[in-house]
Structures are given as C-alpha cells and as structure tokens.
Amino acid sequence: MFKNPKDNNIVSRLIFHLDLDYFYAQCEEIRSPELRNHPLVVCVYSGRNPDSGVVSTSNYKAREFGVKSGMPIKIAKSKLANEDAEFLPIDMSYYNHLSILAMEFVRKIADAYEYVGIDECYADFSRYSGSDFSRARKIADFIKSEIKVSTNLTCSIGVGPNKLVAKIASNFQKPDAITIINPQEVKAFIARCDIEDIPGIGPKNRIKLESSGIESVSHLAKFDLFRLKELFGYKIATYLQNAARGIDDTPIRPHVSKQIGRIVTLKNDVTNIENIFPILSSLSSLVYDTLMTRQLSFKTIIVRVVLHNLRQVTCSRNLKLSSTSIEELQNIARSLFLEAIHLHSLSFLDVRRIGITLSDLSSYTGQNKILQYFAEGSRNGNQESNKNNKL
DNA sequence: CCCTCGATCAC
DNA sequence: CCTCATATCGAGGG
C-alpha cells in the first residue's frame with residue numbers, strides 16, 4: 001500500500017491506461033493472418049485519384065521503412081516500392097466491433113472505466129487492487145490474456161497513480177508491453193521523459209517552450225508559473241507545470257460525447273455553390289443519424305470549409321433552444337455555408353473539403369436531462385480537483 | 001458574460 | 001501530397 005506522503009490516511013489511486021497496439025493494422029492482421037509478416041498499411045482513400053489520401057495506421061513491419069500515420073499514401077507506396085506490402089482501405093465498423101469486444105472485459109471488472117478512443121481507455125483499479133502496486137502486473141497480465149483470448153489482439157498497458165502517468169507509461173514500451181510506475185517512481189520517471197511525451201505538448205508547443213529556454217521536463221517543472229501563464233494562459237500553464245511534476249487529479253469518469261461531426265473530401269474541388277447543397281444534405285443526415293442513435297439534441301452547428309489551398313474557414317451558430325430537427329439542421333447548415341464564403345469574400349471559391357459538426361449536445365429524454373443536471377452540479381461544486389485539465 | 005473563430009493536439 | 005473526429009483553450013468582438 002502506498003500512502004500519500006502528505007496524508008497517511010489517503011492511499012494512492014491505481015490507474016490503468018490501455019492502448020490496443022497499432023490498432024487498425026492489427027485488426028487487419030487478425031482478419032487475414034497471412035498479412036502478418038508483410039508491411040501492412042491501412043489507408044484513408046480520398047478518391048481524388050487512385051492513390052490520394054493518407055496513411056491511417058501501419059504495422060511495425062511497414063514502420064521500419066519509414067511509414068507513418070498521416071503520411072500521404074503516395075509517399076508510403078514509394079517507401080515500400082520494393083517490398084511485398086499490402087495497402088488496405090479503412091474499415092471502421094470492423095475495428096469498432098473488435099474494440100468493443102476487447103474493452104468489454106476491462107469495463108466489467110474495473111472500479112471505473114473511461115472510453116478515450118477506439119483503441120484507448122483508462123480504468124481505475126484502486127479498490128480492485130487495494131491500491132497495491134505490487135499486484136498491478138498480475139492484473140495487467142490477466143487483462144492482456146483475456147483480450148488475447150476474446151479477440152486475438154495485443155495491447156500495451158501503463159499503470160500509475162494517475163491518468164497522466166498511466167498514459168505516458170503505456171506509451172513507454174510498445175507493443176505488447178506492461179509498464180508500471182509506482183508512486184515513488186513518478187518523479188524520476190517523468191523527469192527523464194522527453195518533453196513531447198507529455199500529452200498536450202506537440203511540435204508547436206515544444207517550439208514555444210524552447211523559445212523560453214525550456215527544453216526538458218525537469219526545467220518545465222520548476223519554471224516560473226507567472227511567466228508560463230504569459231506564454232500559454234492560465235489553464236494550459238497550470239496543466240503543463242503539474243504534468244511536468246507528475247501531478248494529475250482528474251478522475252476516471254464515463255465518456256460523454258460533446259460533439260458529433262463529419263467531414264468529407266470532395267472528389268474534385270467544387271466551384272459552383274449549387275453543387276455543395278446536396279453534399280451538405282447528406283452530411284446533415286449522417287451526423288443526424290449519430291445524434292439520434294445517442295439520443296441527443298444539438299444547440300450549436302458548425303460548418304467548416306477547407307479550400308483548395310488547404311486554408312480552413314469555419315462558421316457556427318448557437319441556437320436559442322436545443323433542437324432535434326433535421327430540417328432545421330439542413331437549413332442552418334446551408335446558410336452557415338453561405339455565410340462562410342461571403343464572410344471571407346471568396347468570389348471564386350475552390351472547396352476541397354466540407355464538414356458539419358454539432359455541439360452543445362444534451363440528452364433529449366427528460367429523465368436523463370435531470371440526471372445530467374445533477375451530474376453537472378456535483379462536478380461544479382468540486383471544480384478544483386475535478387475539472388478536466390487536458391488540453 | 002456570451003458568442004464565434006482559429007489553433008493545437010493526436011488519432 | 002495533404003484524412004477524419006474530437007476536445008479544449010484563448011483571443012477578440014459585442
């Protein structure tokens with residue numbers, strides 16, 4: 001049992017972060033085991049020409065040749081030109097099915113479970129383990145073997161006293177690994193991490209930090225908070241400094257969707273406004289379907305337009321009242337699109353991609369609305385420790 | 001204080 | 001050559 005150094009009566013939490021390894025590509029390997037020893041690339045084809053689009057995920061064999069997520073398919077193909085590589089189109093419904101199967105077990109046994117993404121979750125095992133970090137490996141092994149049996153998937157698990165450390169730990173060794181950081185090890189572990197290992201620090205923020213001379217996690221941990229606030233604002237600065245010290249109080253809580261969106265890339269850039277309307281209609285239907293499945297209403301609609309030169313324009317509207325009307329959605333989407341192009345005086349517009357997002361979501365059954373109200377209330381009463389710090 | 005928009009992250 | 005979905009923050013306007 002690890003006691004909190006500040007208070008002997010409070011034991012540490014014991015948090016898991018589970019990450020399904022190279023997920024989409026691994027799903028394809030399970031479906032077609034003969035692909036296992038070949039470079040395998042799962043692609044998002046955009047349909048503009050036979051090779052347009054990007055790499056979603058690749059297996060480790062493909063990564064050896066420099067293939068990375070987000071890379072244009074064309075580049076990936078050139079890197080694998082002399083290999084017996086496989087390029088497959090993304091198949092979300094299949095991956096979703098495997099994901100649900102895999103996560104089910106964790107969700108059932110954990111004290112609390114939090115969905116983060118199709119290949120990621122957090123789980124609180126504090127009670128389950130009695131906060132005994134020496135039991136963490138057994139539990140992690142147990143979960144890994146259960147997932148292996150039910151789906152044949154491998155995963156990586158990070159264990160720590162909070163979500164932040166668990167997440168960094170799950171990424172520390174991959175694939176098919178377990179990394180456990182007990183409370184006493186946190187400071188040393190976090191100090192030797194790269195600054196970009198901290199969730200929320202990507203290329204841009206790294207540069208921003210470097211411009212103030214901050215190049216290491218330990219430097220960030222002791223950097224003057226006021227100066228950090230000038231650089232990033234109150235919330236982010238506080239989050240970053242806490243993170244650099246391995247501190248994170250955010251609880252594991254059920255996922256609540258806050259946005260539902262779809263964006264499509266057009267086969268050809270559209271210059272004629274008329275031709276956009278049917279696309280907006282089908283996008284409206286798509287997001288509306290998801291909205292209904294989740295029994296939600298929307299209050300804000302966002303239309304985003306990506307132009308030929310990849311510049312993005314967005315336009316949004318916040319309604320007075322929540323709505324569940326698809327007609328309203330379609331009408332507003334149209335007028336927002338027109339607003340967007342007028343606002344930016346795009347006389348000759350070249351639309352490359354267009355999307356609709358609904359936000360400000362709430363449950364539309366009265367019962368749930370009341371429950372949600374109380375959930376919000378209890379959270380707000382306890383902001384300092386509860387508020388989600390994530391960027 | 002609310003609304004809107006862009007930036008950033010990361011999948 | 002350049003996908004898709006989501007979450008959060010901060011700036012700027014009103």
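Throughout, a chain's letter reflects where its sequence line sits, starting with A, and its residues are numbered from 1.
- The side chain of A/Gln259 approaches C/dT8 more closely than any other nucleotide in the set C/dC4, B/dT8, C/dT8.
- When rounded to the nearest whole Å, the span between CD1 of A/Ile341 and C1' of B/dC5 equals 18 Å.
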Sequence neighbours left out, cut at 3.5 Å: what donor-acceptor pairs do the side chains of residues 272-280 of chain A make with other protein atoms?
| residue | atom | partner | partner atom | Å |
| --- | --- | --- | --- | --- |
| A/Asn272 | OD1 | A/Glu274 | N | 3.2 |

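- Between A/Met92 atom CE and C/dT3 atom P the separation is 17 Å, expressed in whole Å.
- For C/dT6, the OP1/OP2 oxygens have no side-chain nitrogen or oxygen of A/His255 closer than 4.0 Å.
- Among residues two or more places apart in sequence or in another chain, the salt bridge (Lys or Arg N to Asp or Glu O under 4.0 Å) test is passed with A/Asp224 by none.
- Residue A/Arg352 places at least one side-chain N or O under 4.0 Å from the OP1 or OP2 atom of C/dT3.
- To the nearest angstrom, P of C/dT6 lies 14 Å from CG of A/Asp119.
- One atom, CG of A/Leu283, and another, P of C/dA5, lie 9 Å apart when rounded to the nearest Å.
- When distances are taken from the side chain of A/Lys258 to each of C/dT8, B/dC11, C/dC4, the shortest belongs to C/dT8.
- A/Tyr113 pairs by the ring-ring contact (aromatic ring centres under 6.0 Å, His included) definition with nothing, not counting sequence neighbours.
- Among B/dC9, C/dT3, B/dG6, the nucleotide with an atom closest to any side-chain atom of A/Val313 is B/dG6.
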* Pair assignment for DNA chain C - dot-bracket with | for other-strand partners, Watson-Crick or G-U under 3.5 Å -> ......||||||||
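- What separates NZ of A/Lys208 from C1' of C/dC9 is a distance of 10 Å, to the nearest Å.
- Under 4.0 angstrom from either OP1 or OP2 of B/dC11 there lies no side-chain N or O belonging to A/Ser69.
- Taking the side chain as every heavy atom from C-beta outward, A/Arg304 and A/Arg353 never approach each other to under 4.5 Å.
- Checking the phosphate oxygens (OP1, OP2) of C/dC4, no side-chain nitrogen or oxygen of A/Ser56 falls inside 4.0 Å.
- A side-chain donor-acceptor contact under 3.5 Å links A/Asn318 and A/Asp360.
- The ring-ring contact (aromatic ring centres under 6.0 Å, His included) test applied to A/Tyr288 returns no partner, not counting sequence neighbours.
- Within 4.0 Å of A/Ile260, counting heavy atoms only, lie sugar-phosphate atoms of the nucleic acid but no base atom.
- Looking at heavy-atom distances under 4.0 Å, A/Leu310 makes contact with a base.
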Please list, for nucleotides 10-14 of chain C, all pairs of protein and nucleotide N/O atoms separated by less than 3.5 Å.
| residue | atom | partner | partner atom | Å |
| --- | --- | --- | --- | --- |
| C/dG10 | OP1 | A/Phe232 | O | 3.4 |
| C/dG10 | OP1 | A/Tyr234 | N | 3.3 |
| C/dG10 | OP1 | A/Lys235 | N | 3.1 |
| C/dG10 | OP1 | A/Ile236 | N | 3.4 |

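- In this structure, the CG atom of A/Leu319 is 17 Å from the P atom of B/dC2, given to the nearest Å.
- Distances shorter than 4.0 Å separate none of the side-chain N or O atoms of A/Arg317 from OP1 or OP2 on B/dT4.
- Judged by the 6.0 Å and 45° rule, A/Arg63 forms a cation-pi pair with A/Tyr60.
- Using a 4.0 Å heavy-atom distance criterion, A/Thr357 is classed as making no nucleic acid contact.
- With sequence neighbours excluded, the residues that form a ring-ring contact (aromatic ring centres under 6.0 Å, His included) with A/Phe142 are A/Phe105.
- Phosphate proximity of C/dC4 to A/Arg262: absent, as no side-chain N or O sits under 4.0 Å from OP1 or OP2.
- One finds a side-chain N or O of A/Thr314 lying less than 4.0 angstrom from the OP1 or OP2 phosphate oxygen of B/dG6.
- When heavy atoms are screened at a 4.0 angstrom cut-off, A/Cys315 is found touching the sugar-phosphate backbone but no base atom.
- Contact annotation: A/Asn318 does not reach the phosphate of B/dC2 (side-chain N/O to OP1 or OP2, under 4.0 Å).
- Take the nearest nucleotide of DNA chain C for A/Thr290 and for A/Asp51: the residue whose nucleotide is more 5' is A/Asp51.
- Legend: residues meeting ring-ring contact (aromatic ring centres under 6.0 Å, His included) with A/Tyr95, ordered by chain and number and at least two apart, are A/Tyr24.
- Where A/Ser257 and A/Val44 meet DNA chain C, the nucleotide closest to each residue was compared, and A/Val44 sits on the side nearer the 5' end.
- When distances are taken from the side chain of A/Pro199 to each of C/dT3, B/dA10, C/dT6, the shortest belongs to B/dA10.
- Relative to the six-membered ring of A/Phe65, A/Lys79 misses at least one condition, a distance below 6.0 Å or an angle of at most 45° to the axis.
- In this entry the distance linking NZ of A/Lys320 with C1' of B/dC3 reads 9 Å, nearest Å.
- Chaining together hydrophobic side chains whose heavy atoms lie under 4.5 Å apart leaves A/Ile207 on its own.
- As rounded to whole Å, 12 Å separates atom P of C/dA7 from atom CZ of A/Arg304.
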